[in-house]
Asks: 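Have a look at this one before I ask anything.
No hydrogens, no waters, no symmetry mates; every other heavy atom, side chains included, goes into these values.
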Amino acid sequence: MGVFLLDIRFAAARSTSAAVAVVVPSGEPTTAVSLLGSVPKLRFGPADLDECTAFLEDVGHSGSAGSVHSLPRPGRQPARLLFVGIGDGDEAGWRSAGAALAKSARSEPALIVVAPVELPPAAVRGLAEGLWLASYRYELSTSSPAELRRVTVVLDASGEHAEALERARAVAVSTMLARDLTNTPGDRKTPAWFARRVEKAASGVPQLTVSVRDPAALAEQGFNAILAVGRGSTRGPRLVEMSWRPRGARRHVVLIGKGITFDTGGICIKPLSGMKLMRKDMGGAAAVVGATLAAAAMRLPLRITALAPLAENAIGADAMRPGDVIQHYGGITSEVLNTDAEGRLVLGDVMAYAVRRLRPDVIVDLATLTGAQGVALGKRTAAMYSHSDTLAEEFTGAAAAAGEAVWRMPLLDDYAEELDGGIADLVNSTDIGAGSLLAALYLREFTGALRNDWVHFDMSSPAWADSADGELTKGATGWGVRTLTRWLESASA
């Protein structure tokens, strides 16, 4: 499970054994020395400040965001000084600084951060998110290595600073839950297990409810695609519906996340290289659940419904076959030409349900859907599809503010005819290429009257990091929680 023990608080500096970090703006190393000298309780005299100035000149500290230089001071307190760059001092720079400090001070019991007096709330949020997210680790053992447990920010904090810190906490906790859910190995992560974890996370939160449909309920209500994808496994599918419904909310957003708890590819089986990380194939479901929990923690005045269709795409005697025809919730039929294109099938069911029964103002779906997304945009950038310029601009801005990356891709009608089925309305796979685009066009068929109020994210590659990078740790990234939450904040303003 994830480890999350870091306490961040505002207070005056005290002369302790804690390491001290001081921020360095881009191109202004002497500013760090003046900040250090302005905190009397740290007891830095002229000789100490001269030493720091000489050190910064010697190492050539540029102040670039996330750069860190460490000055050991054996026999003195503090025993170590960390000079961390914040770049231009925007929220992203502070997030990079927080992440760098979490790694550089990992073995310290406590850390004091000396910051400018006029520190804006956005900087506090960035610093805290970077510290928390980079401190995360996932482990199944019970060992407890030495780790940073407390960070004190020297700041005369206002109510706005406190609110920024609490919003950072809500996002970090929810992102870590998404990382935990995604990192959990497939032998443990059944659809039923995932549903129980969501119920536990939502327990006791006012105005937040969770309902779970089991296979019998799915069959009774016509969620045939979820059942078809999951029927090759002995571990039956589920549909989680989480609802945040505060009083007075006038706008309703539905968030939908692909939740394939493990994907073998089904009868069209994946090779080992494509299968060994398929425990991450429910990263979209983890993200929409996490974002809804964060919104509830912030008490955002916006109605949100998160839908997570959960199934294990396995190989069994009753597994879905190429050539099968599925009738989705609402009546659209799909011919299965590739059992490894299962994510769009389960999403089609719940998108049709959302349009027909929930009648939202906006639908947003996240899915670890195609390898083509990574070919086009690499490991850090998700593909975004939407017919709405307004929604595309809003989400692009939200992603940038949150520290995640998206790129809007074209929804070209020229390719739509390739999805026409011979014996069904649609086929779930083609062989003409443009895999990410074709998957988006397939999902568009289930948006009904909300075609122009829909955003789709194909985030297969960004859901996983092969190595630590900034606030990301190796493994699941929780991609999407931060972007969705930022957009929900702005949508509720």
Side-chain angles (χ1 to χ4, degrees), residues 1-4 6 66 92 95-96 98-100 102-103 126 128-139 168-186 189 194 197 201 255 257-263 276-294 308 343 364-371 373-374 376-384 395 398-407 457-487:
M1 61 181 294
V3 178
F4 178 55
L6 184 60
R95 186 181 299 112
S96 295
K103 297 169 184 176
E129 285 186 3
L131 282 163
W132 272 319
L133 294 175
S135 295
Y136 170 89
R137 71 174 187 275
Y138 182 83
E139 59 182 24
R169 187 191 307 275
V171 170
V173 169
S174 295
T175 302
M176 290 180 176
L177 172 63
R179 290 179 180 181
D180 275 356
L181 292 171
T182 308
N183 277 321
T184 299
K189 186 166 51 189
F194 187 109
R197 284 295 305 269
L255 306 177
K258 174 186 171 184
I260 303 301
T261 54
F262 192 84
D263 183 17
K276 59 186 178 182
L277 283 181
M278 280 299 102
R279 67 179 183 271
K280 75 177 178 69
D281 211 21
M282 34 55 63
V288 300
V289 165
T292 306
L293 287 165
V364 184
D365 79 83
L366 277 76
T368 52
L369 206 56
T370 71
Q373 173 271 317
L377 298 175
K379 291 289 295 181
R380 291 294 296 268
T381 303
M384 176 176 64
F395 272 102
E404 295 180 324
V406 301
W407 191 263
F457 290 99
D458 188 344
M459 34 72 80
S460 183
S461 290
W464 194 267
D466 294 327
S467 59
D469 184 9
E471 71 273 16
L472 304 182
T473 57
K474 184 178 181 180
T477 64
W479 196 97
V481 174
R482 291 188 279 160
T483 293
L484 288 176
T485 304
R486 288 291 178 130
W487 181 79

Asks: Okay, side chain of Ser174, backbone of Leu293: is any donor-acceptor separation there less than 3.5 Å?
Replies: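 Judged by distance alone, no pair lies under 3.5 Å.
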Asks: In Å and rounded to the nearest 0.5 Å, what is the CG to CG distance from Asp466 to Leu277?
Replies: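 With rounding to 0.5 Å, CG (Asp466) is 7.5 Å from CG (Leu277).
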Asks: What are the two closest heavy atoms between Ala287 and Ala178, and how far apart are they?
Replies: N-CB, 4.4 Å
Asks: Is it true that, when you exclude Lys474 itself, more than 12 heavy atoms of the residues, nucleotides or ligands shown sit nearer than 6.0 Å to its NZ?
Replies: no
Asks: So which atom in Val481 and which in Gly290 form the shortest heavy-atom distance, rounded to 0.1 Å?
Replies: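 Closest heavy-atom pair between Val481 and Gly290: CG1-C, 4.1 Å.
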Asks: Rounded at 0.5 Å granularity, tell me how far CD in Glu404 sits from OG1 in Thr477.
Replies: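 Separation between the atoms: 7.0 Å.
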Asks: Can you check whether Asn183 reaches Trp464 side chain to side chain, under 4.5 Å on heavy atoms?
Replies: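 With C-beta onward as the side chain, the pair touches.
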Asks: Exactly one of Asp263, Asp458, Asp281 should register a salt bridge (charged side-chain N to carboxylate O under 4.0 Å, His left out) with Lys258. Which one does?
Replies: Asp281
Asks: Answer yes or no: is there a side-chain heavy-atom contact under 4.5 Å between Arg179 and Leu472?
Replies: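 Side chain of Arg179 against side chain of Leu472, heavy atoms only: contact under 4.5 Å found.
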Asks: Quick check: do Thr184 and Tyr138 have side-chain heavy atoms less than 4.5 Å from each other?
Replies: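 Yes, their side chains come closer than 4.5 Å.
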Asks: For Ser460 and Lys280, does a side-chain donor sit closer than 3.5 Å to a side-chain acceptor?
Replies: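 The answer is yes; a qualifying pair exists.
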Asks: Which of these passes side-chain contact (heavy atoms from CB on, under 4.5 Å) with Leu255: Thr292, Leu366, Val289, Asp365?
Replies: Thr292
Asks: Nearest 0.5 Å, please: how far is CG in Leu369 from CE in Met459?
Replies: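 Rounded to the nearest 0.5 Å, the CE-CG separation comes out at 10.5 Å.
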Asks: Closest approach of Ala172 and Trp132, non-hydrogen atoms and distance?
Replies: CB-CB, 3.7 Å
Asks: Minimum heavy-atom separation for Gly470 and Ala134, please, with both atom names.
Replies: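 Nearest pair, atom of Gly470 first, then Ala134: O-CB, 3.9 Å.
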Asks: Give, for atom CG of Leu177 and atom OG1 of Thr182, the distance between the pair rounded to the nearest 0.5 Å.
Replies: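 Rounded to the nearest 0.5 Å, the CG-OG1 separation comes out at 9.0 Å.
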Asks: Does any non-hydrogen side-chain atom of Glu129 lie less than 4.5 Å from one of Glu471?
Replies: no
Asks: If we only count heavy atoms from C-beta on, is the Arg486 to Val171 side-chain gap below 4.5 Å?
Replies: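 No, too far: nothing below the 4.5 Å cut-off.
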Asks: Donor-acceptor pair, distance only, cut-off 3.5 Å: does the side chain of Lys189 make one with the backbone of Leu181?
Replies: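 Side chain of Lys189 to backbone of Leu181: a pair is present.
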Asks: Please give me the minimum heavy-atom distance between Gly66 and Ala100, naming the atom from each residue.
Replies: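 Taking Gly66 first and Ala100 second, the nearest heavy atoms are O-CB, 3.2 Å.
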Asks: Check the orientation of Phe457 and Phe395. Use parallel for under 30°, tilted for 30 to 60°, and perpendicular for over 60°.
Replies: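 Perpendicular.
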Asks: For the residue pair Ala286 and Phe194, what are the closest heavy atoms and their distance?
Replies: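 That would be N-CZ, 4.0 Å.
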Asks: Do Tyr136 and Leu6 have side-chain heavy atoms sitting under 4.5 Å apart?
Replies: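 No. Closest side-chain heavy atoms not under 4.5 Å.
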